[in-house]
Trainee: 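Below you will find the structure I want to go over with you.
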Amino acid sequence: MAKDYYGVLGLQKGASAEEVKKAYRRLSKELHPDKHKGGKDAEKRFKEVNEAYEVLSNPQKKQMYDQFGEAGVNGGAAGQGGFGGFDFSGAGGADAFSDLFEGFFGGGRRQAAARQEGNDLEVEIAIDLSEVVTGVRRDVRIRRNIACDRCGGNGAEPGTKLDTCGECGGTGQVTRTAQSFFGVIQQRTVCPRCRGSGKVPEKPCTKCDGEGRVASAEEVQVDVPPGIDDGQALRLRGQGEAGRRGATAGDLYVRVRVRPDDRFVREGADIRTVLDVPALDAILGATVDVETVQGNVSLKIPEGTQPGQVLRLKGKGLPVLNTSRFGDHFVTVNVKVPTRLGREERRILEEWRRARG
Ligand SMILES: [Zn+2]
Ligand SMILES: [Zn+2]
C-alpha cells in the first residue's frame with residue numbers, strides 16, 4: 001500500500017522543503033514518546049512522521065517520491081549477500097549494458113535485508129528526435145535477478161517441501177525490543193530467517209541456494225510511445241528484480257533521453273526553426289520547402305512578409321503523447337538582404353525605387 005508521506009505531515013502534495021521542516025518540528029515535539037508513555041497510537045504516528053521526514057527532507061528522495069511515489073524511494077533497496085541488489089563489479093566488461101544502466105534509486109537500503117519483494121530497477125536509453133515522431137521499440141539489456149527455473153521461485157529443491165519457519169512460527173514477523181534515542185521501543189519487524197514468507201525450504205534449491213531467484217542478463221523489449229519527452233520514464237510493471245521466493249517482482253523504470261537535434265528546437269510537441277528567406281521572396285511572396293520532423297513540406301511565404309515574422313505549419317510538429325494530435329512547427333523568417341548587386345540588378349532596383357517615389 002502506498003504511503004502518503006505528505007499526508008502524514010499534514011501537508012499538501014509537493015509541499016516545499018521549508019514546509020516539510022516546519023511540519024516535522026511541530027509534529028515531532030507533539031508526538032515525542034517522552035510525552036506519551038505507553039501511547040501506542042502516538043508511537044506509531046511518531047514513527048510514521050519520522051519515516052516521512054526521512055524521505056521528504058532529502059532533496060533527491062523527495063524528488064523521486066514526488067515523481068514515482070513510494071516505489072521511487074523504497075523500491076531500490078540493495079540487499080546483502082549479493083541477492084537483494086545489483087552488483088556493478090560483475091558487469092563483465094564494456095558491453096552495452098554499462099551505458100544503459102543508470103543505477104538504483106537512492107534510499108531504502110536500511111530495510112533491504114528484510115525485504116521479500118524484488119527491487120525496482122532503472123535504466124536509461126537514448127533515442128533520436130525522429131524516433132519521438134514514430135515511437136520506437138528497443139531491446140534493452142538488463143542484468144537482474146529472475147525467478148529460479150529449477151525451483152519455480154519457491155526456493156525448495158524439487159521434490160522437497162516448504163516448512164513453517166521456526167523463528168516466527170509462520171507469521172513472518174518477529175517482535176524486537178530496541179534501545180533508541182527516545183527510550184526502549186518494541187518493534188515488529190520482518191522475520192530475518194524467512195524474511196516474511198513464514199516458510200523455509202526443507203532443502204534449499206541447489207541452483208538458487210533457496211533464494212528462489214538467480215542473476216541473469218537478458219534483453220527486455222521496451223516500446224517507447226510517440227511524443228515522449230526528454231527525461232520521462234516508462235514503468236514496466238513486474239520487470240524489475242524477481243522477489244525472494246516468489247514474492248512480488250519490482251518494476252523496471254526506463255528513463256528516455258532524447259538526443260538533441262541541431263535542426264530543430266523542441267517546445268513540448270511544437271517545433272521551432274529559423275528560415276532564411278531572400279529579400280525579394282519576402283517582398284513578392286514565394287513557396288519554399290521546409291524541413292520538418294515529419295519530412296519536407298511546402299510553406300507559402302506571403303507577399304510582404306516581415307523580418308522576424310513567425311509562420312505556422314499546423315500539425316507538423318511532434319505527436320502529443322498518448323493522443324492522436326500533433327504539435328505545430330513555427331518558422332521564424334530571417335530576411336536575407338543581398339550584399340552585392342550586379343549592374344543589371346542595381347538598374348532594376350533603382351528604377352523600382354524611383355517608381356515607389
Ligand atoms: Zn531455485
Ligand atoms: Zn520466519
Side-chain angles (χ1 to χ4, degrees), residues 1 3 40 43-44 47-48 51 70-71 74-92 97 101 104 108-121 141-180 184-220 236-252:
M1 198 172 62
K3 284 177 185 153
K40 278 274 171 237
E43 186 187 310
K44 186 163 164 274
K47 273 188 216 156
E48 285 172 353
E51 188 187 342
E70 203 191 343
N74 287 332
Q80 291 158 5
F83 263 102
F86 190 87
D87 182 11
F88 280 96
S89 60
F97 165 77
F101 202 92
F104 294 108
R109 282 167 194 273
R110 230 170 5 88
Q111 296 175 13
R115 286 180 71 87
Q116 284 277 112
E117 299 85 30
N119 296 324
D120 291 337
L121 295 175
R141 193 172 163 79
I142 310 280
R143 276 189 50 132
R144 58 180 174 180
N145 288 315
I146 59 166
C148 172
D149 56 357
R150 182 173 173 83
C151 62
N154 72 8
E157 180 69 2
T160 69
K161 60 181 174 41
L162 291 167
D163 289 334
T164 300
C165 172
E167 179 125 2
C168 62
T171 61
Q173 292 201 315
V174 288
T175 305
R176 273 202 188 135
T177 309
Q179 182 70 44
S180 86
V184 176
I185 291 177
Q186 285 226 319
Q187 271 181 308
R188 275 176 80 73
T189 60
V190 175
C191 171
R193 176 140 189 255
C194 64
R195 297 198 206 172
S197 68
K199 294 207 181 325
V200 287
E202 184 186 54
K203 183 171 186 293
C205 166
T206 52
K207 182 168 180 184
C208 64
D209 215 12
E211 286 288 325
R213 53 189 178 183
V214 288
S216 154
E218 56 190 350
E219 310 257 296
V220 173
L236 278 65
R237 272 180 198 278
Q239 296 272 19
E241 301 246 45
R244 191 171 179 267
R245 290 189 196 150
T248 317
D251 298 332
L252 174 64

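Numbering of ligands and ligand atoms starts at 1, following listing order.
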Trainee: What are the protein N, O or S atoms, given as residue plus atom name, that sit under 2.8 Å from the Zn ion (ligand 1)?
Mentor: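 For the Zn ion (ligand 1), the protein N, O and S atoms that sit under 2.8 Å away are Cys148 SG, Cys151 SG, Cys205 SG, Cys208 SG.
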
Trainee: Would you confirm whether Asp251, through its side chain, and Gly238, through its main-chain N or O, come within 3.5 Å as a donor-acceptor pair?
Mentor: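 The answer is yes, because a donor-acceptor pair under 3.5 Å joins these two groups.
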
Trainee: For the side chain of Glu241 and the backbone of Asn145, is there at least one donor-acceptor N/O pair under 3.5 Å apart?
Mentor: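 Here the side-chain-to-backbone pair exists.
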
Trainee: The Zn ion (ligand 2): which protein N, O or S atoms are under 2.8 Å away?
Mentor: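 Only Cys165 SG, Cys168 SG, Cys191 SG, Cys194 SG fall inside 2.8 Å of the Zn ion (ligand 2).
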
Trainee: Output all residues satisfying salt bridge (charged side-chain N to carboxylate O under 4.0 Å, His left out) with Glu167, sequence neighbours left out; order by chain, then residue number.
Mentor: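 With sequence neighbours excluded, Glu167 shows a salt bridge (charged side-chain N to carboxylate O under 4.0 Å, His left out) to no residue whatsoever.
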
Trainee: Closer than 3.5 angstrom, by distance alone: can the side chain of Arg245 be matched with the main-chain N or O of Arg195 as a donor-acceptor pair?
Mentor: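 The answer is no, because no donor-acceptor pair under 3.5 Å joins these two groups.
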
Trainee: According to salt bridge (charged side-chain N to carboxylate O under 4.0 Å, His left out), who are the partners of Glu218, at least two apart in sequence or on a separate chain?
Mentor: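 Expected list: Arg144.
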
Trainee: Please confirm whether the backbone N or O of Glu211 pairs with a side-chain atom of Asp209, one donor and one acceptor, at under 3.5 Å?
Mentor: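 No.
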
Trainee: Inspect the contact between Glu157 and Lys207 and indicate whether a charged nitrogen and a carboxylate oxygen are less than 4.0 angstrom apart.
Mentor: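 No, Lys207 and Glu157 are not salt-bridged.
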
Trainee: Can you list the steps and then say if Val214 with Ile146 is a side chain to side chain contact (heavy atoms under 4.5 Å, CB included)?
Mentor: CA-CA 6 Å; Val214 288; Ile146 59 166; 4.2 Å; yes

Trainee: When you measure from the side chain of Arg213 to the backbone N and O of Ala242, does any donor-acceptor pair fall under 3.5 Å?
Mentor: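 Present.
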
